Amino acid sequence: MNRILLTLGIVLTFQFVNGQTKNFIDQPYLETTAKVDSLVKPDIIYLDILLREKDNRTKISVEELENKMATKLESMGIDLKKQLTLSDLSSNFKKYFLKQKDILKSKAYKLKVFDAQTAGKILVELESIGISNTSLDRTEYSKIEELKFDLKSKAVKKARKQAEFLVKPLNQKIGGALFIIDKYYQDYDYSGTLEEVVVIGYSSRKKSEYKPVEIEFKSIKIETEVTIKFKIE
């Protein structure tokens, strides 16, 4: 008896779902896709800083480099507690340490800054105290969530406008949405993000002759795509 009831329940469920699908397909509808994108300047920049201690006559310990770095960054207005953190020694750093036999001790940091000009100054100032292993990790936009919702809303409005435009010559109208799919894309390509950055040493000229490097980060491209099925009335 239980098996009969179970089988009957499955059949009824299938018929209900099939009926719902059929009802949806049987309705006259128009499907349209709309895309909206925006370019934003990154306002959060993460730099990787690697301190290395080599076995040579002019050996400078990692601790000494660390103190120099901290003093220099603080003099530039960097909040070390909030903006500087130790990186874990995984991935590329770990492999690099294993290959370099002349390195006695190493320490990796991640520094968070908020504009390209500050990043450029840091490259120059750290180079001036013997820290040249500084590279870009990634860039971010702090208001990314708000922007995503705004773009989704604009994409939906654009899709409806497209649908209304398409049925207007037919003297028909667009009703409510029957089905919506949305997609989100973000450009994470950092190749060439630092445009022609050259950090020049200060051995042959006076430091006062040099100006901080001017660098610009590529804008981050945010794109939203919606596909909507509108009922045709």
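Computed from a prediction, not measured in an experiment: that's the story for all the values here.
For the residue pair Gly77 and Gln83, the shortest heavy atom distance occurs at O-OE1, 4.4 Å. In this structure, Ser219 and Leu39 approach most closely via the heavy-atom pair CB-CB, 4.0 Å. Contact record, Leu65 with Ile131: O-CD1, 3.9 Å, taken as the closest heavy-atom pair.
Counting only heavy atoms from C-beta outward, the side chains of Ile220 and Ile144 never approach each other to under 4.5 Å. In this structure, Val40 and Leu147 have side chains that are in contact, with non-hydrogen atoms separated by less than 4.5 Å. When side chains are defined from C-beta on, Ile45 does not count as touching Thr118, because their heavy atoms never get closer than 4.5 Å. Asn133 has its side chain within reach of Arg52: a pair of non-hydrogen atoms, C-beta onward, lies under 4.5 Å apart. You'll find the side chain of Asp37 stays beyond 4.5 Å of the side chain of Thr224, heavy atoms only.
Of the inter-residue distances, the one linking Lys231 atom NZ with Leu30 atom CG reads 14.0 Å to the nearest 0.5 angstrom. Here Leu51 contributes atom CG and Ser106 contributes atom OG; the two are 8.5 Å apart, rounded to the nearest 0.5 Å. Note that the CD atom of Glu225 and the OH atom of Tyr185 stand 4.0 Å from one another [nearest 0.5 Å]. Taking OG of Ser87 as the reference point, atom CG of Leu111 lies at 10.0 Å (rounded to 0.5 Å). The distance from the CD1 atom of Ile122 to the CD1 atom of Ile49 is 6.5 Å, given to the nearest 0.5 Å. Distance CG/Asp43 to NZ/Lys143: 8.0 Å, rounded to 0.5 Å.
Neither side chain, Glu31 nor Tyr29, offers a donor N or O lying under 3.5 Å from an acceptor on the other.
Between the side chain of Glu125 and the main chain of Lys121, no donor-acceptor pair closer than 3.5 Å is present. Without hydrogens or angle criteria, Asp48 side chain to Leu136 main chain gives no donor-acceptor distance under 3.5 Å.
Under a hydrophobic-cluster definition in which Ile, Leu, Val, Met, Phe, Trp and Tyr are linked whenever side-chain heavy atoms come within less than 4.5 Å, directly or via other members, Val62 and Leu126 are assigned to the same cluster. By the rule that hydrophobic residues join a cluster once side-chain heavy atoms approach within less than 4.5 Å of another member, Tyr46 and Leu86 end up as members of separate clusters. Both Leu80 and Val113 are members of a single hydrophobic cluster when ILVMFWY side chains are connected at heavy-atom separations under 4.5 Å.
Just one residue in the list Met69, Glu74, Lys112 forms a side-chain contact (heavy atoms from CB on, under 4.5 Å) with Leu84, and that residue is Met69.
Residue-environment remark: CZ (Phe114) exceeds the threshold of 12 foreign heavy atoms within 6.0 Å.
Sorted by first and then second residue, the side chain to side chain donor-acceptor pair (under 3.5 Å) pairs with a member in residues 169-181 form an empty list; sequence neighbours excluded.
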Quiz item: Do Lys148 and Glu146 pass the salt bridge (charged side-chain N to carboxylate O under 4.0 Å, His left out) test, and can you show the C-alpha distance, the side-chain angles, and the key distance before you say yes or no?
Solution: CA-CA 5 Å; Lys148 284 164 61 176; Glu146 294 93 326; over 6 Å; no
Would you list the atom pairs, donor with acceptor, under 3.5 Å between side chains in residues 149-161 and any protein atom, with sequence neighbours excluded?
unit_1 : atom_1 : unit_2 : atom_2 : d
Asp150 : OD2    : Lys154 : NZ     : 3.3
Lys152 : NZ     : Asp182 : OD2    : 2.3
Lys158 : NZ     : Lys35  : O      : 3.0
Arg160 : NE     : Glu164 : OE2    : 3.3
Arg160 : NH1    : Gly175 : O      : 3.0
Arg160 : NH2    : Ile174 : O      : 3.2

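The side chain to side chain contact (heavy atoms under 4.5 Å, CB included) search around Ala177 returns Ile180, Ile228, Phe230, not counting sequence neighbours.
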